[in-house]
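What follows is one structure encoded as C-alpha cells, with my remarks underneath.
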Amino acid sequence: MVCRPLFFMPMRQFILCIFVLEGLILPQAAGAEDTQFPQHPASSRIAVVERSDDDLVLVQLRLGRVILSESMTGYVDKNHLMLPLGQLAEALEFPIKVSAPEGQAEGWFLDITNSFTLDVARREVVIAGNRTNFPAGLVELHKDDIYVDTALLGQWWPVEFNFSFATQAVTVSGRNGTLLPMQREAAREQARALLGRHNQQDAVGPLPRIDTPYRLYTVPFADVTYTAGRDEQSNIGPHNGLNILANGDLFYMHSSAYFAADSAQKITDLRWTLARRDPDGKLFPGDEWMGKTRLGEAMNEYQVKDLEFGDISTQQLPLTAFNQQARGVLISTMPYDRATQYNRTTLQGDVQPGWEVELYRNDELLSFQR
C-alpha cells in the first residue's frame with residue numbers, strides 16, 4: 001500500500017505530525033501482519049483446479065501494435081477465455097500482487113484510488129471500497145496463478161478484451177477513451193520527442209521577473225509518502241516506511257526539510273537547510289534591516305548569490321572539487337547560469353523516491369529526467 005497525499009499544514013502541526021507518525025505508525029510493524037495475506041493455504045478452503053490440456057491455449061497479448069506478451073497461457077471453455085490474473089496485471093502495468101497459494105490478490109489499477117482486492121474462497125472482489133460477489137466458475141485457482149474470465153475482468157477494470165480464435169491473439173484497449181499506463185507513457189515520450197523540433201526563431205525574449213520577497217514564516221508545502229509491506233525474497237518481515245519533504249519560508253530564508261524513517265532501521269535520513277538566494281547578488285535589499293548592516297552591505301558588495309546553513313551541497317569545480325553533501329555554511333558568488341560542465345547547467349534538490357523531474361517554460365516541456 002502506498003499513500004502519497006499532498007497537503008498544507010502549519011509548521012507546529014507539521015512537527016507534531018512527525019512525532020505522531022514516528023511514535024504510532026512505525027512501531028506497529030509487529031502488527032502489520034494483519035494487512036498481509038493469511039497464512040492458511042487456500043487448498044484447505046477451495047480446491048485447486050487442474051484443467052485438461054485440450055482447453056489450453058497460448059495467446060498473444062496486444063495493445064494496438066505493441067505486443068505485451070508473446071505467449072500467455074490461457075484456457076478456453078465454450079465462449080469463455082480465462083487468463084492468469086498475475087501475468088495479465090504485470091503486462092498491463094497494474095501493481096496487483098497475486099498470491100496463488102492463498103487464493104488472493106491485492107493492489108490497484110490506473111490510479112491508487114482504484115484499490116483492488118480478490119478472495120477466491122469467498123468469491124468476493126472489492127474495488128475502490130465496493131464489495132461484490134462473482135459467479136462460480138468464472139474465477140479458478142490454479143497452482144501457478146488465479147485465472148479469471150476476460151468478460152468478468154472487463155467488468156472489474158475499464159479494459160476491453162477481444163479474443164480472435166483464428167489468430168490466437170487477445171487485443172486489449174481502454175474503455176471510453178481510458179489510457180492504459182503504457183499508452184500514457186507513449187504520449188509522454190511523444191511530447192519529449194518534440195523537444196528538439198522547436199524553431200529557434202520563435203523563441204521569445206526574457207520573461208518578466210516576479211518579485212517574491214522572503215517572509216518570516218509561510219505555511220510549508222509538505223509531501224508525505226508512507227509505504228507498508230513485506231519482502232519475502234530478502235527475508236524482511238512486515239515493515240513500514242515514511243518519507244516527508246517540506247518546503248517553506250522561515251526566518252526570512254527558504255527552509256527545506258527531508259525526513260526518512262523505516263520501522264527496521266528507525267530514522268535513516270534527516271536533513272534541514274536554511275537558504276537565501278538571489279541571482280543578481282543582492283541578498284539583502286536596502287529596505288530590510290539586514291541590508292543596513294555591515295555584513296549585509298558587504299555581501300551585496302561582493303555579490304554573494306547563495307547563503308546556506310545546515311545540510312548543504314558543495315558545488316563542483318572542474319578538476320578541483322566534486323559535489324558532496326555535508327553540514328556547514330555555504331557562501332557562494334557563482335552565477336546561476338554558469339555551466340557546471342560543458343554546455344550543461346545542473347539543477348539540484350530533493351525529490352521523493354520514484355519521481356520524475358520535468359522542466360517547463362510556461363506550458364512548454366523543455367526537458368525531463370527519470
Side-chain angles (χ1 to χ4, degrees), residues 42 48-120 123 125-128 132 134-135 137-190 193 233 354 370:
V48 177
V49 178
E50 295 185 1
R51 283 266 192 163
S52 172
D53 292 340
D54 297 336
D55 300 334
L56 177 65
V57 292
L58 295 178
V59 299
Q60 186 183 74
L61 190 66
R62 299 176 180 175
L63 176 60
R65 298 182 179 180
V66 179
I67 299 178
L68 303 180
S69 177
E70 190 66 40
S71 58
M72 178 176 292
T73 304
Y75 292 95
V76 176
D77 183 9
K78 296 181 180 179
N79 296 326
H80 299 280
L81 172 65
M82 308 191 74
L83 295 178
L85 179 64
Q87 298 181 35
L88 190 59
E90 182 179 0
L92 296 177
E93 298 182 3
F94 290 170
I96 297 177
K97 182 180 180 181
V98 176
S99 177
E102 308 301 332
Q104 295 183 347
E106 186 175 5
W108 51 274
F109 58 92
L110 295 181
D111 189 85
I112 195 171
T113 58
N114 298 326
S115 58
F116 179 86
T117 305
L118 174 67
D119 194 318
V120 179
R123 288 193 299 176
V125 62
V126 182
I127 301 177
T132 58
F134 50 83
L138 298 183
V139 178
E140 296 180 353
L141 178 62
H142 292 216
K143 293 182 179 180
D144 61 331
D145 210 323
I146 299 176
Y147 285 73
V148 184
D149 181 77
T150 54
L152 183 61
L153 282 173
Q155 299 177 12
W156 294 346
W157 301 341
V159 181
E160 294 184 355
F161 299 86
N162 297 317
F163 174 56
S164 174
F165 191 83
T167 60
Q168 297 287 289
V170 177
T171 303
V172 297
S173 59
R175 187 183 303 116
N176 299 327
T178 301
L179 294 180
L180 301 181
M182 183 172 293
Q183 293 174 318
R184 295 178 181 178
E185 182 64 21
R188 294 165 64 91
E189 294 292 344
Q190 184 178 5
Q233 296 181 354
R370 298 182 186 279

> Sequence neighbours excluded, which residues qualify as ring pair (Phe, Tyr, Trp, His ring centres under 6.0 Å) partners of His80?
Replying inline: none

> In chain order, what residues pass the ring pair (Phe, Tyr, Trp, His ring centres under 6.0 Å) check against Phe163, with sequence neighbours excluded?
Replying inline: none

> Side chains of Leu88 and Leu61: does their closest heavy-atom pair fall under 4.5 Å?
Replying inline: yes

> Is there side-chain contact between Val170 and Asn162, with heavy atoms separated by less than 4.5 Å?
Replying inline: no

Between [atom1] of [X] and [atom2] of [Y], what distance do you get to the nearest 0.5 Å?
{"X": "Asp55", "Y": "Met82", "atom1": "CG", "atom2": "CE", "value": "10.5 Å"}
{"X": "Glu106", "Y": "Thr117", "atom1": "CD", "atom2": "OG1", "value": "4.5 Å"}
{"X": "Glu90", "Y": "Leu68", "atom1": "CD", "atom2": "CG", "value": "11.0 Å"}

> After noting the C-alpha distance and the side-chain angles of Leu153 and Leu85, does the key distance pass the side chain to side chain contact (heavy atoms under 4.5 Å, CB included) rule?
Replying inline: CA-CA 9 Å; Leu153 282 173; Leu85 179 64; 4.0 Å; yes

> Among pairs that include at least one residue of residues 54-76, which meet ring-ring contact (aromatic ring centres under 6.0 Å, His included), considering only residues two or more places apart or in two chains?
Replying inline: Tyr75-His142, Tyr75-Tyr147

> So which pairs with a foot in residues 164-184 pass ring-ring contact (aromatic ring centres under 6.0 Å, His included), sequence neighbours left out?
Replying inline: none

> Run the side chain to side chain contact (heavy atoms under 4.5 Å, CB included) check on Val76 and Leu81 step by step: do they pass?
Replying inline: CA-CA 5 Å; Val76 176; Leu81 172 65; 3.9 Å; yes

> Which atom names give the shortest non-hydrogen contact between Ile96 and Ala105, and what distance separates them?
Replying inline: CG2-CB, 4.2 Å

>> Which heavy atom of Phe109 sits nearest to which heavy atom of Pro158, and what is that distance?
In response: CE1-CD, 3.6 Å

>> Applying side chain to side chain contact (heavy atoms under 4.5 Å, CB included) to Val172 and Leu92, what does each step give before you reach the verdict?
In response: CA-CA 9 Å; Val172 297; Leu92 296 177; 4.0 Å; yes

>> Once side-chain contact (heavy atoms from CB on, under 4.5 Å) is applied, do any residues pair with Asp111, and if so which ones, sequence neighbours excluded?
In response: Thr113, Asn114

> Sequence neighbours excluded, which residues qualify as side-chain contact (heavy atoms from CB on, under 4.5 Å) partners of Ser115?
Replying inline: none

> How far apart are the C-alpha atoms of Val148 and Leu138, what are their side-chain angles, what is the distance that settles it, and do they pass the side chain to side chain contact (heavy atoms under 4.5 Å, CB included) test?
Replying inline: CA-CA 6 Å; Val148 184; Leu138 298 183; over 6 Å; no

Table please: side-chain donor-acceptor pairs of residues 176-188 below 3.5 Å, with sequence neighbours left out.
residue : atom : partner : partner atom : Å
Thr178  : OG1  : Arg175  : O            : 2.7
Gln183  : OE1  : Leu180  : N            : 2.9
Arg184  : NE   : Leu179  : O            : 3.3
Arg184  : NH1  : Leu110  : O            : 3.4
Glu185  : OE2  : Arg370  : NH2          : 3.0
Arg188  : NH2  : Glu356  : OE1          : 2.6
Arg188  : NH2  : Glu358  : OE2          : 2.7

> Can you name the side-chain hydrogen bond (donor to acceptor under 3.5 Å, both in side chains) partners of Ser164, sequence neighbours left out?
Replying inline: Thr167

>> Listing request: all side-chain hydrogen bond (donor to acceptor under 3.5 Å, both in side chains) pairs with a residue in residues 151-161, at least two apart in sequence or in separate chains.
In response: none

>> Can you pull out every salt bridge (Lys or Arg N to Asp or Glu O under 4.0 Å) where at least one residue sits in residues 140-158? Sequence neighbours excluded, please.
In response: Glu50-Lys143, Arg51-Glu140

